[in-house]
Amino acid sequence: MANKPSIPKGTRDFSPTEMLRRKYIFSTIEKVFQKYGFLPLETPAMENLETLTGKYGEEGDRLIFKILNSGDAWGGVSEEVKKGLATGEVAPGKFASAVSEKALRYDLTVPFARYVVQHQNEIAFPFKRYQIQPVWRADRPQKGRYREFYQCDADVIGSTSLLNEVELVQLFDDVFSALGLHVVVKINDRKVLSGIAEVSGQPEKVVDIVTAIDKLDKIGREKVEEEMRAKGVSDEAIKGIAPLFDLKGSWSEQRPLLEKWLSSSPMAQQGLKDLSFTFEAVGALKSAKLEYDPTLARGLDYYTGAIFEVKAAEGTMPGSICGGGRYDDLTGIFGLKNMSGVGISFGADRIYDVLLETNKFPTELGGSTKLLFANFGEAEAMHCLKLLRTVREAGIAAELYPDQVKMAKQFKYADDKGIAYVAIIGENELIQGIVTVKDMKTGEQKAVKQDELISAIA
RNA sequence: GUGGAUGUAGCUCAGUUGGUUAGAGCGCCGGAUUGUGAUUCCGGAGGUCGCCGGUUCAAGCCCGGUCCUCCACCCCA
């Protein structure tokens with residue numbers, strides 16, 4: 001089986017059953033996005049390489065899929081680079097940019113920022129857009145981690161109002177109510193985290209402190225402190241951060257402690273004020289629980305204000321199923337200053353896994369045939385064709401078995417495809433003007449008049 | 001990118017210290033039943049043992065390489 005076809009590492013086929021479920025997730029999210037006033041946007045699968053490089057950090061650059069220039073890519077390489085490659089003076093990474101000027105998109109946020117800058121004069125701000133498209137990463141695949149996967153993003157750009165944060169929390173709640181899943185929405189504010197770094201005496205170490213704290217629930221307090229020490233955070237500063245680990249309870253319980261502890265940092269005070277506003281304004285939620293998580297940090301360093309993460313309250317999925325946050329200067333790298341935005345992203349693949357595990361997918365997902373006409377031969381089939389039309393006009397998904405084969409095979413087809421009813425019109429039924437309808441679930445069979453067919457299977 | 005495990009039929013897996021013709025269950029196809037699926041009975045097809053090389057009289061089994069999948073790390077959705 002050496003010639004057995006296959007697909008690239010980390011990519012997947014989606015079977016019809018999987019696609020019906022995926023579309024159910026996507027369309028649920030999309031409907032809610034639209035209900036909140038977000039408009040659809042699509043950008044190309046590939047961007048200019050220079051649009052993407054340098055936006056995701058050093059690690060990120062390595063994970064960008066680059067596209068080889070068409071034509072004679074090698075011919076476009078300068079003699080200098082060719083020589084350098086041979087001697088090892090030119091790194092392979094440098095060579096890549098010599099033969100590649102396009103790359104597959106790595107996320108939806110950077111192409112969105114590019115779009116906003118490029119079309120700034122046509123856009124009405126605040127601009128609310130959603131985008132549901134695949135992205136590609138040259139990462140090593142693992143369970144729940146692929147080289148091609150979908151992101152479902154919604155962002156508001158050009159507004160600093162905290163009402164946006166409030167609405168996004170409500171949007172999370174709406175989506176997971178529609179999907180019937182209980183979740184915990186965790187929230188924090190980067191300003192508070194910066195304040196903690198400030199109070200500890202090493203404000204320049206925010207990023208290192210934050211990424212270490214982010215791992216708290218995974219590796220424990222000791223290892224977090226160890227990592228901070230390894231990154232050059234002083235023992236004194238680590239001591240200064242210590243109160244964070246003892247924080248417990250609800251937001252209203254934690255808030256006074258934080259205010260006291262971080263009283264010397266105006267930035268932290270602002271963050272706490274913002275969080276309070278969000279907690280108050282969000283109001284009652286249906287399926288989600290909003291929780292303050294002082295250790296929620298999120299890796300991406302472009303976040304500047306609120307940060308979100310959603311975890312399933314059911315099932316065994318350990319990681320987050322959604323994320324998001326506010327960024328003050330996403331478009332600055334493309335030359336448009338003072339554009340604050342806040343956005344969220346749904347991890348469709350992980351949501352799929354959770355819904356499957358917890359058995360939350362509706363049993364009947366639109367798209368599957370409800371009624372199959374068995375094929376008894378040319379005359380009967382022609383007759384069925386007419387009935388088929390009226391059934392379909394009534395909005396019922398129906399099909400006629402195209403070949404005249406033995407009944408067992410046709411029934412098996414209906415069974416395999418999960419079709420609820422089979423209409424049998426053989427010689428007898430044709431003469432009498434009736435239809436024998438079989439319920440595939442119960443196995444019951446009854447004869448009805450032709451014009452009663454629709455009500456018989458409704 | 002680092003470290004580890006795995007790969008045998010469409011799927012899930014057996015396969016003895018290296019020894020003739022590599023097995024099972026499920027699925028698939030045909031028949032029992034020329035107007036009835038899911039249940040029953042009978043029969044059948046399907047494998048270059050991931051790929052390449054090495055050791056050996058002899059390799060699914062031992063050795064090396066390579067690819068895939070999985071796990072941990074890094075990072076992330």
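Values below: every heavy atom of this structure, side chains too, minus hydrogens, waters and symmetry copies. Chain letters run A, B, ... following the sequence lines, proteins first, then strands; residues in each count from 1.
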Discussion item. Rounding to an integer number of Å, can you tell me how far Asp353(A) CG sits from rC70(B) P?
Written reply: 12 Å
Discussion item. Can you measure Asp61(A) atom CG to rC74(B) atom C1' for me and round it to whole angstrom units?
Written reply: 16 Å
Fill in: Tyr150(A) and its ring pair (Phe, Tyr, Trp, His ring centres under 6.0 Å) partner, picked from Phe26(A), Phe14(A), Phe346(A)
Phe26(A)
Discussion item. Expressed as a whole number of angstroms, how long is the span from Asp214(A):CG to rC74(B):P?
Written reply: 11 Å
Discussion item. Return the pairing partner of rG64(B) with a 3.5 Å limit on both distances, Watson-Crick or G-U wobble; otherwise return none.
Written reply: rC52(B)
Worksheet item: Between rC74(B) atom P and Arg137(A) atom CZ, what is the distance in whole Å?
Response: 17 Å
Discussion item. From CZ of Arg145(A) over to P of rA72(B), roughly how many Å is that when rounded to an integer?
Written reply: 10 Å
Item to complete: Name the closest nucleotide to the Lys406(A) side chain, picking from rC75(B), rC76(B), rG31(B).
Response: rG31(B)
Discussion item. From CZ of Arg12(A) over to C1' of rA77(B), roughly how many Å is that when rounded to an integer?
Written reply: 11 Å
Practice prompt. In whole angstrom, give me the gap between the P atoms of rC52(B) and rC42(B).
Written response: 40 Å
Worksheet item: Can you give one letter per nucleotide of nucleotides 35-44 of chain B, going 5' to 3': B for a protein heavy atom under 4.0 Å from the base, S for sugar-phosphate only, - for none?
Response: BBBS------
Practice prompt. Select base, sugar-phosphate, or nothing to describe what Tyr150(A) touches, counting heavy atoms under 4.0 Å on all strands.
Written response: nothing
Item to complete: Check side-chain hydrogen bond (donor to acceptor under 3.5 Å, both in side chains) between Asp61(A) and all other residues, then give those that pass, not counting sequence neighbours.
Response: none
Worksheet item: Using purine N1 to pyrimidine N3 plus N6-O4 or O6-N4 for Watson-Crick, or N1-O2 and O6-N3 for G-U wobble, both under 3.5 Å, which nucleotide pairs with rG43(B)?
Response: rC29(B)
Practice prompt. Name the residue closer to the 5' end of RNA chain B, choosing between Gly347(A) and Arg140(A) according to the nucleotide with the nearest heavy atom.
Written response: Arg140(A)
Discussion item. Just to be sure I understand the rule, does Gly10(A) reach a base, reach only the sugar-phosphate, or reach nothing, if contact means heavy atoms closer than 4.0 Å?
Written reply: sugar-phosphate
Response to the item:
Here the distance between atom C1' of rG1(B) and atom CG of Leu63(A), to the nearest Å, is 9 Å
Worksheet item: With sugar-phosphate meaning primed atoms plus P, OP1 and OP2, does Lys417(A) contact a base, only sugar-phosphate, or nothing at under 4.0 Å between heavy atoms?
Response: nothing
Practice prompt. Could you give the distance separating rC28(B) and rC11(B) at their P atoms, to the nearest angstrom?
Written response: 14 Å
Worksheet entry | Ser234(A) backbone acceptor or donor facing Gln202(A) side chain under 3.5 Å | yes
Fill in: Whole-Å distance separating the OH atom of Tyr146(A) from the C1' atom of rC68(B)
15 Å
Worksheet item: Does the Asn69(A) side chain pair with the main chain of Glu101(A), one donor and one acceptor, at a distance under 3.5 Å?
Response: yes
Worksheet entry | rU34(B) - base-pair partner by Watson-Crick or wobble geometry, distances under 3.5 Å | none
Worksheet item: Closest heavy-atom contact between Gly426(A) and Phe376(A)?
Response: CA-CG, 3.8 Å
Worksheet entry | Gap in Å between the two P atoms, one belonging to rA59(B) and one to rU55(B), rounded | 11 Å
Worksheet item: For Tyr106(A), which of Phe65(A), Tyr56(A), Trp136(A) qualifies under ring pair (Phe, Tyr, Trp, His ring centres under 6.0 Å)?
Response: Tyr56(A)
Worksheet item: Taking the same atom, C1', in rU48(B) and in rU12(B), what whole-Å distance lies between them?
Response: 23 Å
Worksheet entry | Aromatic ring pairing Tyr327(A)/Tyr302(A), orientation class (parallel under 30°, perpendicular over 60°, tilted between) | perpendicular
Worksheet item: Does the cation-pi check pass for Arg12(A) over Tyr146(A), that is, NZ or CZ under 6.0 Å from the six-membered ring centre and within 45° of its axis?
Response: yes
Worksheet item: Given that both distances must come in under 3.5 Å, which nucleotide forms a Watson-Crick or G-U wobble pair with rA5(B)?
Response: rU69(B)
Fill in: Distance between P atoms of rG1(B) and rU6(B) (Å, rounded)
22 Å
Discussion item. I'd like the P distance from rG53(B) over to rU69(B), given in whole Å.
Written reply: 24 Å
Worksheet item: With Lys360(A), which residues qualify under side-chain hydrogen bond (donor to acceptor under 3.5 Å, both in side chains), at least two apart?
Response: Glu314(A)
Fill in: Distance, C1' atom - from rG44(B) to rC61(B), rounded to whole angstrom
31 Å
Worksheet item: Who does rU21(B) pair with, Watson-Crick or G-U, both distances under 3.5 Å?
Response: none
Worksheet entry | Whole-Å P distance, rA45(B) and rG30(B) | 15 Å
